[in-house]
Amino acid sequence: MSVDGGAAQRPKSEVGELVCAVDPDDDWGVAVIETVGRQLRLRREAVGMRAADLGEATGYGEDMIYKIESGKRIPRPEFLDKADKVLRADGLVAAMKEDVAKVRYPKKARALAKLEAQAVEMQIYEPLYIPGLLQTPEHARRLFLTRRPVYTPEEVDRYTAARAARKTVFERSPAPELSFVLEEWTLRRPLGGREVLRRQLEHLLEVAELRHVQIQMMLIEQADHVCLSDGIEVLKFEDGSTVGRSPTVAGGKSVSDPRQLRILELRYGLLRAQALTPSETVDAIHGLLGET
C-alpha cells in the first residue's frame, strides 16, 4: 500500500499513519532515522517553514511531521523527494533515501541479506513453504497476510519488500552455488489463488535454468524423509567458514561449531538423495503447471 495510492480518499492524519515505526531494538536503524529527522527539522527551520505547512505540501499531517523529525517514524522515499523540493534542499534531503530504505527492512532481514550477499554456497530446505529466495512478490505477500496475529498493511509491505530485496543474490558475479530442496505440497497449495500459483511455478522454472542453481522436489509419496519438520539453511563463505541454522539445532540460532554443522550437512545431504534430481524436478514442475 503506497502513500500516493489512496491519498485522495483519506484524511491526512490517516495517510501519515502509513509511515512505518522504527524497531526500538534496531540500534543502527534508530540512529539513522533520528539523524534524518534532525536534518529535516533543521532544514525546515532554516527556510522558516512550519511543520503544518510542510505537512500540507507533502500530504502528511502536522503530527506525523513531528514524529518523523523526532525519529519515531520512518519516512517513505516519496516523502523525502517532496520535502526536498518544498524545502529547496537541492537534493540533500532526497539523498537520505538510500539509508532510510535499508531501515525499512526488518533488522533480521538485513542481517540475513548481508550473510547471503557474502556466501559462495547456500543450501536451503523449508518443510512448510517455498524458500523466501524463490518466492514471487505475490506469493510472499499472501504468506504474510495469512499470519496470525495479523501484520498491519505497512508491515506486510515492509516484509514483502525486504524479501524481494534479498533476490539480488541471483545477480551476483561471481555467482554463488545455490541448492534448494522443496516439498511437493508447497507447490500444490494455491496460496493466493490459481494465478498466483501459476506465476510461482513459472518463476521456479526460470530460476532453475540458471547454471548455478539446483532445485529439487521432495515428493509427497516419499516414504523415507530425514527432515519432516525442520528447516535447514547452510551458508559457506570464501574464507572456508560456514554458518548454519535449523529449529532443532541450538534452538534455531545460527551455529558455526563443526559438530553442529556436521548434523545439518548430513541431513541436507540425505534430503537431496531422497528428493528428485534437478532435471526430474523441472519435469515435475511442468506437470504441476499443466494441472494448475
Side-chain angles (χ1 to χ4, degrees), residues 108 111-135 139 163 166-189 200-201 203-288:
K108 289 184 178 179
L112 179 57
K114 184 177 180 180
L115 285 175
E116 291 173 343
Q118 298 171 346
V120 296
E121 183 179 345
M122 297 171 58
Q123 301 171 337
I124 299 174
Y125 165 70
E126 290 290 353
L128 302 178
Y129 51 84
I130 298 171
L133 284 175
L134 296 177
Q135 294 171 12
H139 186 93
R163 183 155 293 180
R166 290 169 52 203
K167 294 189 177 183
T168 55
V169 69
F170 292 106
E171 304 165 4
R172 281 173 44 198
S173 181
E177 292 295 323
L178 305 176
S179 170
F180 301 91
V181 176
L182 287 66
E183 289 289 342
E184 178 186 355
W185 80 268
T186 66
L187 307 185
R188 288 185 173 276
R189 182 177 293 278
Q200 178 63 69
L201 294 175
H203 177 66
L204 290 175
L205 291 174
E206 293 172 0
V207 175
E209 292 180 357
L210 300 174
R211 289 190 302 134
H212 63 288
V213 177
Q214 290 191 322
I215 298 177
Q216 296 179 248
M217 179 195 295
M218 181 71 76
L219 295 176
I220 295 174
E221 63 190 34
Q222 174 63 35
D224 296 321
H225 197 311
V226 71
C227 215
L228 277 172
S229 60
D230 305 330
I232 295 175
E233 185 169 12
V234 177
L235 278 63
K236 300 183 179 182
F237 304 94
E238 192 170 10
D239 62 1
S241 62
T242 302
V243 173
R245 182 181 63 82
S246 179
T248 57
V249 176
K253 297 179 181 178
S254 296
V255 297
S256 56
D257 179 77
R259 292 170 297 181
Q260 293 173 319
L261 289 173
R262 178 182 174 278
I263 295 174
L264 296 182
E265 295 196 71
L266 171 64
R267 290 176 181 174
Y268 193 80
L270 290 172
L271 277 171
R272 295 194 66 182
Q274 294 168 346
L276 296 179
T277 66
S279 60
E280 291 170 339
T281 296
V282 168
D283 291 340
I285 294 176
H286 275 295
L288 293 174

Do the side chain of [X] and the main chain of [Y] share a donor and acceptor less than 3.5 angstrom apart?
{"X": "Gln274", "Y": "Val226", "result": "yes"}
{"X": "Trp185", "Y": "Leu128", "result": "no"}
{"X": "Gln200", "Y": "Leu134", "result": "yes"}
{"X": "Gln135", "Y": "Ile130", "result": "yes"}
{"X": "Ser246", "Y": "Gly231", "result": "yes"}

So, for Ala208 and Val282, which heavy atoms are closest and what is the spacing to 0.1 Å?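 Here Ala208 and Val282 meet closest at CB-CG2, 4.0 Å.
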Work out which heavy atom in Phe237 is nearest to a heavy atom in Val243; give both atom names and the distance.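 Reported closest heavy-atom pair: CE1-CG2, 3.8 Å.
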Does a side-chain heavy-atom distance below 4.5 Å link [X] with [Y]?
{"X": "Phe180", "Y": "Val213", "value": "yes"}
{"X": "Leu288", "Y": "Met217", "value": "yes"}
{"X": "Thr248", "Y": "Arg267", "value": "yes"}
{"X": "His139", "Y": "Arg163", "value": "no"}
{"X": "Leu178", "Y": "Val207", "value": "no"}

In chain order, what residues pass the side-chain contact (heavy atoms from CB on, under 4.5 Å) check against Glu126, with sequence neighbours excluded?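 So Glu126 forms a side-chain contact (heavy atoms from CB on, under 4.5 Å) with Tyr129, Pro131, Arg245.
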All side-chain contact (heavy atoms from CB on, under 4.5 Å) counterparts of Thr168, not counting sequence neighbours: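 side-chain contact (heavy atoms from CB on, under 4.5 Å) list for Thr168, sorted by chain: Glu171.
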Matching residue for Lys236 among Glu265, Met122, Glu177 - test: side-chain contact (heavy atoms from CB on, under 4.5 Å):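 Among Glu265, Met122, Glu177, the one meeting side-chain contact (heavy atoms from CB on, under 4.5 Å) with Lys236 is Glu265.
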Where do Glu183 and His225 land on the side-chain contact (heavy atoms from CB on, under 4.5 Å) test, with the steps shown first? CA-CA 11 Å; Glu183 289 289 342; His225 197 311; 2.5 Å; yes
Can you confirm whether Arg262 is buried at CZ, in the sense that more than 12 heavy atoms of other residues, nucleotides or ligands lie under 6.0 Å from that atom?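 12 or below, so no.
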Assess whether atom CD of Glu238 is packed by more than 12 heavy atoms of other residues, nucleotides or ligands within 6.0 Å.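 Counting neighbours around CD of Glu238, 12 or fewer heavy atoms of other residues, nucleotides or ligands fall under 6.0 Å, so no.
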Side chain to side chain donor-acceptor pair (under 3.5 Å) assessment of Gln123 paired with Arg272: CA-CA 10 Å; Gln123 301 171 337; Arg272 295 194 66 182; over 6 Å; no
